[in-house]
There are 2 protein chains.
Amino acid sequence: MSAAPDLLFRTLADPTRRAIFERLCREGEQTVGALTARSGVSQPAVSKHLGALKQAGLVRDRHEGRQTHYSARPGALNPLIDWTGRMAGFWQKRLDALDDLLKRMDQ
Amino acid sequence: MSAAPDLLFRTLADPTRRAIFERLCREGEQTVGALTARSGVSQPAVSKHLGALKQAGLVRDRHEGRQTHYSARPGALNPLIDWTGRMAGFWQKRLDALDDLLKRMDQ
DNA sequence: TACATCCATAACTTCCCAGTTATGGATCTT
DNA sequence: AAGATCCATAACTGGGAAGTTATGGATGTA
């Protein structure tokens, strides 16, 4: 069930897509048009990225008339935080084990 | 100087490569042969992944005779932790601003 | 109604990258 | 010295994904 980090890493690996997500985090809800304006790519490309972000649970969309508003869902980053924490944890655990060993050797 | 997260995300996006890094975190230093044995891919593929991990600063290598030992460098994950923290921070900051606004409207 | 705007999807092209096999240098073994 | 083992690099192939243009549905506006 470690599939969550995989999708998150894959989704955030693309710079354009990550930039869109960052903008949504910084500036809050945005329409597709607003995001397209300063993205450097075409509108369909932005829509596709937003689709990927949505599938990864990183954004929400809200329809209002003919425009769609997207907003970030930072909670979706939790599996990423967990993963990094786990990696650091393994490291620490092995350090502790080494520490123990050294203490036992010391006496 | 936000190039660090980019390289990290790109490097960790590949499942095989991330699995190698995870094993190094969990079990500590490993030779290329040991990593290849349970990786599901060929030895050259593993070498290539290790090269990518090394270039991203995620692993160290140590030569000993004809074998090369690789070990994880969890400190390299710091830019990732910073990035996620920053995203969550933006979110929180906007929540606080909203809170302020509501308070001012309330009185 | 007719036209314009906003967004999503389809169809296509291009390019990057993960994987392979082949090979060679370096080191250990006999 | 000869053979075997470990690893890295080169050369190549295939698949996927990010980008484009074209288009259409839905909604707002004249």
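- At a threshold of 4.0 angstrom between heavy atoms, the contacts of A:T31 are confined to the sugar-phosphate backbone, with no base atom among them.
- Sequence order on DNA chain D of the closest nucleotides to A:R66 and B:R66 puts B:R66 first from the 5' end.
- Summarising the geometry, the separation between NE2 on B:H63 and P on C:dC28 is reported as 13 Å, rounded to the nearest angstrom.
- A:I81 and A:L53 end up in different hydrophobic clusters when Ile, Leu, Val, Met, Phe, Trp and Tyr side chains are linked at under 4.5 Å.
- A single hydrophobic cluster is not seen to contain both B:L7 and A:M87; linkage of ILVMFWY side chains at heavy-atom distances under 4.5 Å, directly or through other members, places them apart.
- In this structure, B:R73 and B:L58 have side chains that are not in contact, with every pair of non-hydrogen atoms separated by 4.5 Å or more.
- Salt-bridge formation is detected for the pair A:E29/A:R62: a Lys NZ or Arg NE/NH1/NH2 atom is positioned less than 4.0 Å from an Asp or Glu carboxylate oxygen.
- In this entry the distance linking CD of A:Q30 with C1' of C:dC6 reads 16 Å, nearest Å.
- With respect to the salt-bridge test (charged N to carboxylate O, under 4.0 angstrom), the residues B:D6 and A:R18 qualify.
- A:F9 and A:W83 have perpendicular rings, their planes meeting at more than 60° on a 0 to 90° scale where under 30° would count as parallel.
- Pairs engaging residues 33-54 of chain A under the salt bridge (Lys or Arg N to Asp or Glu O under 4.0 Å) rule: A:K54-A:D61 [sequence neighbours left out].
- Remark: side-chain polar atoms of B:T84 are paired, donor with acceptor, to backbone N or O of B:L80 under 3.5 angstrom.
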Any protein N or O atoms within reach of nucleotides 18-20 of chain C? Criterion: under 3.5 Å, listing atom names and distances.
unit_1, atom_1, unit_2, atom_2, d
C:dA18, OP1, B:R17, NH2, 3.2
C:dA18, OP2, B:R17, NH1, 3.2
C:dG19, OP1, B:T16, OG1, 3.0
C:dG19, OP2, B:H49, NE2, 2.3
C:dG19, N7, B:K48, NZ, 3.2
C:dG19, O6, B:K48, NZ, 2.6
C:dT20, OP2, B:S42, N, 2.8
C:dT20, OP2, B:S42, OG, 2.6

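- With rounding to whole Å, B:L7 atom CG is found 17 Å from C:dC16 atom P.
- A nucleotide of DNA chain D counts as in contact with chain B when one of its atoms lies under 4.0 Å from a heavy atom; the first and last such, 5' to 3', are D:dA4 to D:dT9.
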